[in-house]
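Encoded as structure tokens, the structure appears first; notes follow it.
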Number of protein chains: 2
Amino acid sequence: MPSLSQKSNQLPSSPIRKLSPFAEKAKKEGKKIYHLNIGQPDIETPPIFWETLRKIDKKVLEYSPSNGYEQLRIKYSHFFKNKYQINLNPSEILITCGASEALLFSFFSILDEGDEIIATDPIYANYIGFANAGGINLVSVTTNIDNGFALPDMETFEKAITDKTKAILICNPSNPTGYFYTATELERLKDIALKHDLFIISDEVYRDFVYDGQFKSMLEFPELEQHVILVDSLSKRFSITGGRIGMVASKNKEVIAAILKFAQQRLSPPGLAQEAAIGLFDLEEDYFLAVKAEYIKRRDTLVAGLNEIPGVICPNPGGAFYCMVQFPVKDTDHYCQWLLESFDYNGETVMMAPGGGFYVNPLNGKNQVRVAYVLNCEDLKKAIMILGKSLEVYKTQFG
Amino acid sequence: MPSLSQKSNQLPSSPIRKLSPFAEKAKKEGKKIYHLNIGQPDIETPPIFWETLRKIDKKVLEYSPSNGYEQLRIKYSHFFKNKYQINLNPSEILITCGASEALLFSFFSILDEGDEIIATDPIYANYIGFANAGGINLVSVTTNIDNGFALPDMETFEKAITDKTKAILICNPSNPTGYFYTATELERLKDIALKHDLFIISDEVYRDFVYDGQFKSMLEFPELEQHVILVDSLSKRFSITGGRIGMVASKNKEVIAAILKFAQQRLSPPGLAQEAAIGLFDLEEDYFLAVKAEYIKRRDTLVAGLNEIPGVICPNPGGAFYCMVQFPVKDTDHYCQWLLESFDYNGETVMMAPGGGFYVNPLNGKNQVRVAYVLNCEDLKKAIMILGKSLEVYKTQFG
């Protein structure tokens with residue numbers, strides 16, 4: 001039998017999904033599971049999405065343009081201008097199959113095999129996979145739970161930069177930590193990019209989920225126009241993760257031209273959700289304010305509740321709907337699997353994503369988990385209570 | 001300004017889409033264009049698709065499973081079993097964002113940078129792009145318009161095989177030639193794969209568009225169960241190209257496990273079209289027979305018409321809805337662009353895909369074009385007439 005590629009052998013399983021078989025089994029056994037493992041918002045998709053979808057009236061479901069429907073790109077362009085003072089014309093915007101594809105195309109466009117990209121650790125686990133697919137070396141700059149995963153200083157970044165470094169990859173606010181970068185930190189990133197002539201791939205998928213302060217995009221720095229590749233998505237903003245509507249944008253014409261070539265290879269992004277999404281941009285600001293208020297309640301519930309459990313440390317994240325939480329166990333891979341396989345409290349248990357998979361060096365996250373607070377406060381409280389109970393049992397069994 | 005990747009500089013533009021700006025300009029000038037450049041069927045999407053879509057009743061458009069909805073995979077499994085004697089259970093099937101993603105994941109799973117894959121030239125242009133993205137060397141085995149692009153003999157393949165060769169990539173029936181492999185040729189592919197222990201990536205997207213004979217899948221060879229990676233799509237079969245529903249399947253458990261890991265990185269395939277597609281599998285065989293009858297008429301119209309133009313050579317393709325056609329010009333890149341920019345016949349002209357982009361060595365296709373016969377017979381006849389007229393003018397201008 002012929003052998004697989006090394007890159008597929010080296011690719012770690014997704015920490016968000018690898019425990020799914022155990023969850024399936026637990027469900028079949030009748031257990032109720034609180035899902036804190038995946039960023040699947042429970043917020044309802046706005047009705048206008050479904051209404052627009054039902055009104056699609058065409059004879060043939062054709063390919064859309066490779067860069068997406070122009071009407072959607074125009075809406076996106078207005079959205080950036082009106083809400084964020086970002087000037088992007090529709091030709092500088094390209095619709096992708098989720099932010100995932102936007103990241104993959106960004107990598108392909110600027111990085112060759114063996115090139116390096118610097119990212120703060122812990123990072124969104126799937127970045128590791130995308131880098132692997134492109135044969136790219138992801139070089140990590142470690143952040144620390146003790147200061148809530150703040151951006152390291154310039155010197156730390158400079159130690160990581162080599163002549164192979166082509167880009168810095170950030171996610172603001174961060175998946176998986178929820179950390180929201182300060183103005184000073186963004187300035188620092190700008191200075192590093194300019195000094196060392198690096199691209200910045202800025203994943204701003206959670207831009208609308210900022211709880212303490214005002215969001216600023218890397219594209220708002222005029223000096224960085226040629227350096228920034230902006231990644232965005234409608235998935236979280238409008239609770240349409242299954243629609244797979246992402247976006248990549250840049251003022252750098254060469255970058256957008258290169259990304260378009262990769263986009264043409266796969267012909268087009270998904271058509272139906274693109275059309276249905278057009279109406280979403282007309283939602284009033286009230287919609288976001290209500291969503292944000294709900295997430296602030298959830299965050300406050302989660303952070304307060306988790307920190308009350310002996311040995312658990314949960315920083316207070318400023319954005320997104322994740323936090324990296326330290327648990328008083330030796331190996332969260334084991335603990336999270338055990339929660340699904342061997343534990344329940346009155347028939348209920350909790351699924352979380354083990355922290356190791358969010359680190360370039362998994363050992364750094366051995367006692368952490370990523371929690372997505374995408375459940376309502378009542379369910380969050382129950383999940384926290386179950387976690388507290390579980391630790392009492394786990395400690396007696398595994399010390 | 002930081003520089004792009006070499007792989008993006010080397011990536012050719014899609015021959016199918018690179019002339020689009022000229023087509024847009026011609027349309028704005030009021031010209032009518034007959035599109036023979038792209039495999040976008042004009043056959044209506046079956047109404048059941050739209051009906052199922054409108055009935056989707058959920059509060060949140062969630063991620064689907066990374067390998068696609070189980071219900072769709074079950075339908076696919078039955079389809080293969082009932083119509084093609086292929087035994088695939090749903091866990092051996094993985095839904096992708098178009099066949100494009102299926103190919104990309106197949107490449108990632110078995111090929112590392114520098115590994116080689118053998119494909120018959122001319123090939124589907126986007127294969128070249130996918131190989132480029134993965135840093136893979138596409139080694140071509142040239143076929144010839146004089147025998148309708150038949151499969152080369154074993155010796156020719158063996159000359160191309162090195163210790164870096166991991167797979168053979170075929171498309172049957174072929175995009176771009178429409179060639180439909182004979183039973184003897186499939187046996188030959190089997191023998192080569194077994195003798196040299198190679199994977200076969202078998203792109204069978206056009207399996208339902210076979211006009212002379214019975215389709216046989218590479219997965220129908222029991223000896224090849226561990227070697228074959230099957231790529232399929234619903235795009236052409238049901239005229240839902242914009243839905244982006246592709247598929248990859250293998251009896252090789254390691255391969256499917258590796259592909260699943262890559263699939264998890266991008267979270268999920270598009271959700272809406274997956275759900276709407278489920279109803280399509282219940283269409284009666286009459287649907288396919290009617291579609292097939294229509295394409296046979298179109299093929300016959302096209303082949304007869306083109307071969308009547310002095311200097312044009314068009315083989316008679318046995319499947320799909322493409323053919324590679326030789327034109328009496330030196331450079332079809334120039335000719336096809338000229339058709340859009342500088343020619344019209346009573347305000348009408350034709351768009352075709354220049355042949356060079358379908359060859360690993362573009363020079364081999366300099367006097368060929370790919371024609372997609374996705375228009376009704378009346379329009380095809382007009383397009384052929386316009387092409388005849390255009391050649392008379394072109395010859396006087398460019399010899």
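Within every chain, numbering begins at 1; the chains are lettered A, B, ... in the order of the sequence lines, protein sequences first and strands thereafter.
- In terms of heavy-atom pairs under 4.5 Å with chain B, the best-connected choice from A/Ser64, A/Pro270, A/Ser14, A/Gly271 is A/Pro270.
- No part of B/Leu103 comes within reach of chain A, as not one of its non-hydrogen atoms sits under 4.5 angstrom from that chain.
- With respect to chain B, the highest number of heavy-atom pairs below 4.5 Å among A/Ser235, A/Gly135, A/Ala133 belongs to A/Ala133.
- Within the 4.5 angstrom heavy-atom criterion, no atom of A/Pro46 approaches chain B.
- Across A/Ser8 and B/Phe262, no two heavy atoms sit closer than the pair CB-CE1, 3.5 Å.
- Although no hydrogens or angles enter the test, the distance criterion places a donor-acceptor pair under 3.5 Å between the side chain of B/Arg244 and the main chain of A/Arg266.
- With a 4.5 Å cut-off on non-hydrogen atoms, B/Ala125 touches chain A through its backbone but not through its side chain.
- Chain A forms more heavy-atom pairs under 4.5 Å with one residue of B/Ile38, B/Ile56, B/Leu194 than with any other, namely B/Ile56.
- Between the side chain of A/Arg17 and the backbone N or O of B/Pro65, no donor-acceptor pair lies under 3.5 Å.
- Considering only heavy atoms from C-beta on, A/Gln265 comes within 4.5 Å of B/Leu11 through its side chain.
- Within the structure, the side-chain hydrogen bond (donor to acceptor under 3.5 Å, both in side chains) test picks out the following pairs touching residues 250-263 of chain A (sequence neighbours left out): A/Glu92-A/Lys251.
- Most heavy-atom pairs under 4.5 Å with chain A, from the set B/Ile43, B/Leu111, B/Asp115, B/Leu198: that is B/Leu111.
- When A/Lys55, A/Lys18, A/Lys7, A/His227 are compared by the number of non-hydrogen pairs under 4.5 Å with chain B, A/Lys7 comes out ahead.
- Taking A/Glu101, A/Gln6, A/Gln226, A/Gln40 one by one and counting their heavy-atom pairs under 4.5 Å with chain B, the maximum is reached by A/Gln40.
- Using a 4.5 Å cut-off between heavy atoms, A/Phe107 does not touch chain B at all.
- Pairing each heavy atom of A/Trp50 with each of B/Val60, the nearest pair is CZ2-C, 4.3 Å.
- Looking at B/Ser5, the atoms closer than 4.5 Å to chain A (heavy atoms on both sides) sit in the backbone and in the side chain alike.
- Counting heavy-atom pairs closer than 4.5 Å to chain A, the top-ranked of the candidates B/Glu44, B/Glu62, B/Lys58 is B/Glu62.
- Of the atoms belonging to B/Pro12, it is backbone heavy atoms, and not side-chain ones, that fall under 4.5 Å from chain A.
- For B/Phe105, no part lies under 4.5 angstrom from a heavy atom of chain A.
- Residue contact with chain B, scored on non-hydrogen atoms closer than 4.5 Å, is absent for A/Ser20.
- Within residues 161-168 of chain B, the residues having any heavy atom less than 4.5 Å from a heavy atom of chain A are, in residue-number order, B/Lys166.
- Looking at B/Leu260, there are no atoms closer than 4.5 Å to chain A (heavy atoms on both sides), in backbone or side chain.
- Of the two parts of B/Phe238, neither the backbone nor the side chain holds a non-hydrogen atom closer than 4.5 Å to a non-hydrogen atom of chain A.
- Residue pairs that meet the side-chain hydrogen bond (donor to acceptor under 3.5 Å, both in side chains) test with at least one member in residues 105-114 of chain A, sequence neighbours left out, do not exist here.
- Of the residues considered (B/Ile128, B/Leu267, B/Leu53), B/Leu267 shows the highest number of contacts with chain A, using heavy-atom pairs under 4.5 Å.
- Contact tally against chain A (heavy-atom pairs below 4.5 Å) for B/Gly242, B/Ser100, B/Ser13: the top residue is B/Gly242.
- At most 12 heavy atoms of other shown residues, nucleotides or ligands fall within 6.0 angstrom of atom CD in B/Glu70.
- Only the backbone of B/Pro41 comes within contact range of chain A, with heavy atoms under 4.5 Å apart.
- Scanning for salt bridge (charged side-chain N to carboxylate O under 4.0 Å, His left out) contacts around A/Asp197 gives an empty result, with sequence neighbours left out.
- With a 4.5 angstrom heavy-atom cutoff, B/Leu4 touches chain A via backbone and side-chain atoms both.
- The residue among B/Leu104, B/Ile16, B/Asp42, B/Thr241 with the most heavy atom pairs within less than 4.5 Å of chain A is B/Thr241.
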